[in-house]
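Okay, so here's the structure we're looking at.
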Amino acid sequence: MSFDMAQFHQVFFEESFEGLDIMESGLLDMDPGAADAEAINAIFRAAHSIKGGSGTFGFMNVSEFTHVMETLLDEMRDGRRQVTGDAVNVLLQSVDVLRDMLTAARDGGEPDEERVTAQRADLDRVLADRDAGVPVGDAPEVEGSTSAESPGDVQPIGWRIVFRPHQHLMRTGNDPLRIIRELGSLAEMSAECDIAELPDLESLEPEDSYLSWNLRLHEPIDKAQIDDVFEWVEDDCDFAVIPVMPDSYDPAATAQPAEPDTATADTDKVPLQAAPPPVERRDTADRRKADERRKHAGGATGASSSIRVDIHKIDTLINMVGELVITQSMLGMLGDDFQMSRVERLKEGLAQLERHTRELQESVMRIRMVPISFSFSRFPRLVHDLSQKLGKKIELKMSGENTEVDKTVIEKIGDPLVHLVRNSLDHGIETPEERAAAGKPETGTVHLAASHRGGNIVIEIRDDGRGLPRDKIFAKAVERGLVKADDHLSDKEVYDLIFQPGFSTAEQVSDVSGRGVGMDVVRRNINELGGAIEIESTPGEGSAIVVRLPLTLAILDGQTIRIGDETYIVPLVSIIESIQIDDSMLNKVAGRGETFRLREEYLPIVRMHEVFGIDEHDADELTDGILVVVEGEGRKCGLFVDDLLGQQQVVIKSLEANYRKVEGISGATILGDGSVALIIDIPGLMRLAKQHAGRSDAAMALTA
Amino acid sequence: MAASILAVDDSASMRQMVSFTLKGAGYDVVEAADGVQALNIAKTRAVNLVITDVNMPNMDGIALIRELRALSSYKFTPLLMLTTESSPEKKQQGKAAGATGWIVKPFNPEQLLNTVKKVLS
């Protein structure tokens, strides 16, 4: 029987990467010298599983590499080796190498052999470092006895086997009958049962075995095959395997390597010979070949995305579907024989249907939700490595790791978060000397926190470092021509400048915070996720970056608006307020388009019907329609629309996947009446409006 | 009726591989992710054979075998452990706990089926 092992590869890779994460976080938490036994055990188990799996599924290089790590961990686990900082570091690096090897195996690539070899050497060095070992008498290597072959050159014509099970043999789940039958399958056999040991019926224990057998195999099979049969019961029985020589053979003529087996003494009159040799490793060559074959078979498994879902979530879902089916059958019955008197029950049923549908929707959405710890888990390592590199003392605190967020959000938020945390470590936290001079504890703290607030998830990266250098940022912005030297900006506006493209205040671009890709990319990524980013900072006390993200990318809380006969959706998160304006608020500046005053701010007005080219619309005068004040990428504006219709959750359908990307539109949805409504992308719309205004100004200039 | 086999391993891929192989050969397979789960299953239903990994959280394979063997209904049931070549002492510990035998990792489906056939015949 053979089948494709590749079908298990995906699960194997998933759990192996999880195992690596367990190893990594376990190693990071490990205190050299005072390691917790259960912690080591957990790391060991993870390594052990990876080794077992990779061997079985044909990734021999991974298996061999992990074996060395496992050996090291095993010694630590048994207390035969002290947990040194050096060993932990080498193991951590090995985890990285292993991750590369697994990634390469998964994607069908080749691992960096040089790195693997170098790391192997490092591991071997630590392993060989006996000083770290707790002194134990070197256990002598048990060598397989080589004396067990039949004596001389003359081949036996068969075997005689004396088999006497110990009384308890059956209680190990083994069965003498099975063993005899197996021997019988190897060669033609005759058997003779010895009942001499059978006690009286009164003293007989029915669960014990008292019989012994004299067996004769009439074919000259390999002795190893016989030993294999007895492998599991070596210690639970006495047995002897005696070669049967051809009649012409004279035993005295050849040297006897006989070594009488004490355990098998006096079972028979025949002198027993040769204890069973320790079983040799099963034909490794054959197995290698098989592994090779499997390796080829499983070559083409690409990475596919999958998600692990808590069984409770599935149960809730099934429960919900059950409720829905009940409601449906109730409504069905009502419909079969409907009378107006039952209209109340119909309404009830419909209300129930609505409730269940909503609950079902929520439960389905919850399936895509995973704890943010998936994203946070990489930070302990990052902080550990970076703080060493930077020569800073930094403690990472994390809270709210179990906060759940959509899987797509998790995948996309990873890199921006890494960038923000790196920034905090690199620019925020001071060196121990600086901190001591400022009267702060030498160890800086970076706090990574996640929480649910309203329909959003809020992630905060807070440090107790030096805070953002307001003056430096301002000076740099002036130098870059982003602001004028005599502009008066609030602190917040100054901090917001770091999100401008190409802005970097680090006097020397370190290899930590990266170069080129700056905060503008971070902000763009977060905006693409429908989120927002804010900075708080107090000089000398630290700064905080607050990232706000929607819980899911599949559903959006929207405000439906009407322009003529068209319906659009504006994401509720971008809306600040909706107002009707009067003339006193309007302000027309020549050449700069229409603006209006909202409290102390002047905001541009975007006439939606102009941008989207809708000819038939109700309101021409700004005072007739409604202004929806929205914010995107830190800028605000008023959208001029005919009417507000209502708020509702909409399911986002990709426009790009079904049509093509449209500037100013982030997607589409289907409304209750079956019509399609476009969802407005606020930052995109603002860009579009700007171009539009530019064009109409130019057109006006031409006609003038 | 098909013989039922309890497959215990904390690694989902190994568990699936064992389970898939055995189901393909017509056995009835129940899975457990650690010793505690396995013991609970074994107590609530009759199982003809247990195949368990050794290194597992909560309760390891050796402890599981010891616990199972102490139950009257599992006195004679074949209990096999999955071990790696590096642990001859584990085999001894397993035997002392009452294991019937072992399957050495890495193994392929044929090896697994042959062994299972052997103990269930």
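So you know, we letter chains A, B, ... as the sequences are listed, proteins then strands, and number each from 1. No hydrogens, no waters, no symmetry mates; every other heavy atom, side chains included, goes into these values.
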Interatomic distance, [X] atom [atom1] to [Y] atom [atom2] [nearest 0.5 angstrom]:
X: B/M17; Y: A/H9; atom1: CE; atom2: NE2; result: 9.5 Å
X: B/N55; Y: A/E70; atom1: CG; atom2: CD; result: 7.5 Å
X: B/S19; Y: A/F8; atom1: OG; atom2: CZ; result: 8.0 Å
X: A/I179; Y: B/K118; atom1: CD1; atom2: NZ; result: 8.5 Å
X: A/T172; Y: B/K95; atom1: OG1; atom2: NZ; result: 4.5 Å
X: A/L169; Y: B/F76; atom1: CG; atom2: CZ; result: 11.0 Å

Residue part contacting chain A, namely of [X], when any heavy atom lies under 4.5 Å:
X: B/L49; value: neither
X: B/T77; value: backbone
X: B/A99; value: backbone

Do [X] and [Y] make a side-chain contact, defined as non-hydrogen atoms from C-beta onward lying under 4.5 Å apart?
X: B/L80; Y: A/W232; answer: yes
X: A/D235; Y: B/Q92; answer: yes
X: A/F12; Y: B/Q16; answer: no

With a 4.5 angstrom heavy-atom cut-off, is it the side chain or the backbone of [X] that approaches chain B, or both, or neither?
X: A/D175; result: neither
X: A/E207; result: both
X: A/R171; result: both

From CA spacing to verdict: salt bridge (charged side-chain N to carboxylate O under 4.0 Å, His left out), A/R45, B/D60: CA-CA 10 Å; A/R45 271 199 309 268; B/D60 69 13; over 6 Å; no
[X] versus [Y], closest heavy-atom pair with distance:
X: A/V11; Y: B/S13; value: CG1-N, 3.7 Å
X: A/G55; Y: B/P106; value: C-CB, 3.3 Å
X: A/G173; Y: B/T100; value: CA-OG1, 3.4 Å

Most chain A-contacting option - heavy-atom pairs closer than 4.5 Å, from B/P57, B/P78, B/G98, B/A97: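 Sorted descending by pairs with chain A, the first entry is B/P57.
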Working for side chain to side chain contact (heavy atoms under 4.5 Å, CB included), residues B/V54 and A/H48: CA-CA 10 Å; B/V54 175; A/H48 185 79; 5.7 Å; no
